[in-house]
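Here is the structure we will look at, set down as structure tokens.
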Amino acid sequence: MEIRVVKRQQPKNKPLDSELGFGQYFTDHMFVADYNPDKGWHDPRIVPYGPFEVDPSCMVFHYGQAVFEGMKAYLNKDGEAVTFRPFFHIKRLNRSAERLCIPQLDEGFVWEGLRKLLQLEKDWIPKSEGTSLYIRPFIIATDPYLGVRPSNTYKFFIILSPVGTYYKEGLKPVKIYVTDKYVRAAKGGVGFTKTAGNYAASLYAAEEAARKGYTQVLWLDAKENKYVEEVGTMNIFFKINNVLITAPLDSGTILGGVTRDSVITLVKEMGYAVEERPLSIQEVYEAHEAGELEEVFGTGTAAVISPVGALNWNDRVIEINEGRMGELSQKLYDRITAIQYGKEPDKHGWIEKI
Ligand SMILES: *Cc1c(COP(=O)(O)O)cnc(C)c1O
């Protein structure tokens, strides 16, 4: 399908790399496509980034039928623009869409739209170490209708935002509040999808944790309030007695992260045992008591690796690795970013040039 391009008259001023932060600046253009039952996904186009009109009764505003992705483009050491495992993201967008009754997108259609947009916006990929161009594909339901049913029409967008590091603390370990008062996802629900409502539902707990001085919430399973699931909007890993443990995906309550999958692959190659199994918070605390809890870290595209320096579970506070980033956490951060920036060979075929 031909992608129409309407260029912006006057390019915007680009922010300095030092003032990027996360998700505050947007590039000159965006990709848009529409869906209706007659034409399917159609009219793919690249147009100036900016506001667009929809009806106030637009279904997404009322019933939250919306899915998204979060990925990154990097400038590698040879100055080429690359993305990391884009088809993992595109497939996951379709899995999220399916669960939310949103029509599937052709993988090649999304990739071509993304490539063309990135080619046009290549100068927006920041150059300093640790910076990248964050890519936010998303789909919203657009029928002007207040009845509850799946929408018949949708819009698909890709917007781009140059970013620095996710947390202002950088790689400094964060303090995490373990909540057994709120839950993120229950079995049979939408925990495995990137749908807007999951994030809306998580804000209150995160705010409460922030008031107590914690950066994020560690979510336990919804049924027993016992097993560790995710940390904030990241997957979570525990290194106990030289074994790396993370929650399994089969419950449908965990978002299957690209970073999670990459960490598992790399760590196995490094010779560690990895266990994807239910891990109770009790077991984590017992491991700490026994001196066997070595490292805890979150994984996600935005932060890559986010070390956890302390946990608070029912006011029992434990410090992990003396509040410092663990050796394996650091090694994983270094290796994943080295692959992304082309400083380490891409043995797994994770890098796609645009
Ligand atoms: C996006 C996300 C992750 C991390 O996934 P990546 O693919 O590694 O970025 C983990 N948990 C939740 C809830 C998420 O939304």
Side-chain angles (χ1 to χ4, degrees), residues 22-23 64 66-74 83-97 99-100 110 114 132-139 161 163 165-167 174 176 179 182-187 189-206 209 215-222 227-238 244 246-249 251-267 276 296-308 329 332-333 335-337 339-340 348 350-352:
F22 188 88
V67 295
F68 67 92
E69 268 304 316
M71 52 199 282
K72 283 176 170 176
Y74 312 83
T83 57
F84 186 69
R85 310 187 71 178
F87 288 95
F88 191 116
H89 289 277
I90 297 170
K91 284 181 169 46
R92 188 170 68 189
L93 181 66
N94 272 333
R95 278 203 301 281
S96 298
R99 180 65 178 79
L100 274 289
V110 177
L114 176 59
S132 55
L133 188 64
Y134 188 77
I135 301 165
R136 168 56 55 88
F138 65 103
I139 310 172
S161 172
V163 298
T165 48
Y166 189 69
Y167 290 109
V174 292
I176 299 296
T179 180
Y182 305 106
V183 296
R184 194 191 83 88
K187 198 159 175 268
V190 293
F192 67 95
T193 69
K194 275 183 129 62
T195 186
N198 281 343
Y199 305 83
S202 75
L203 298 175
Y204 194 85
T215 307
Q216 260 304 348
V217 167
L218 192 157
W219 303 102
L220 301 176
D221 76 284
Y227 299 102
V228 298
E229 295 220 317
E230 300 207 51
V231 59
T233 58
M234 290 186 286
N235 295 118
I236 188 161
F237 285 84
F238 296 82
L244 208 59
T246 193
L249 301 180
S251 63
T253 58
I254 309 285
L255 194 293
V258 174
T259 321
R260 174 188 182 277
D261 188 80
S262 307
V263 160
I264 290 173
T265 302
L266 292 176
V267 152
E276 294 176 66
V296 181
F297 57 91
T299 64
T301 295
V304 190
I305 301 287
S306 180
V308 173
S329 311
L332 285 167
Y333 179 85
R335 286 205 56 197
I336 291 173
T337 53
I339 295 169
Q340 290 166 337
H348 307 92
W350 287 343
I351 298 297
E352 294 284 347

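We count ligands from 1, going down the list as the structure has it; atoms in each ligand are counted the same way. For the numbers below, each heavy atom of this structure counts, side chains included, while hydrogens, waters and symmetry mates do not.
Under the 4.5 Å side-chain criterion, counting only non-hydrogen atoms from C-beta, Ile305 is in contact with Thr299. In this structure, Phe84 and Thr259 have side chains that are not in contact, with every pair of non-hydrogen atoms separated by 4.5 Å or more.
Between the side chains of Arg99 and Thr195, no donor N or O sits under 3.5 Å from an acceptor N or O.
Lys72 places a side-chain N or O within donor-acceptor distance of the main-chain N or O of Thr301, the cut-off being under 3.5 Å. The backbone N or O of Leu255 sits less than 3.5 Å from a side-chain atom of Asn235, completing a donor-acceptor pair.
Looking at residues two or more places apart in sequence or on another chain, you find no ring pair (Phe, Tyr, Trp, His ring centres under 6.0 Å) involving Tyr333.
Near ligand 1, residues Arg92, Arg184, Lys194, Tyr199, Glu230, Thr233, Met234, Asn235, Leu255, Gly257, Val258, Thr259, Thr299, Gly300, Thr301 each place a heavy atom inside the 4.0 Å sphere around the ligand atoms.
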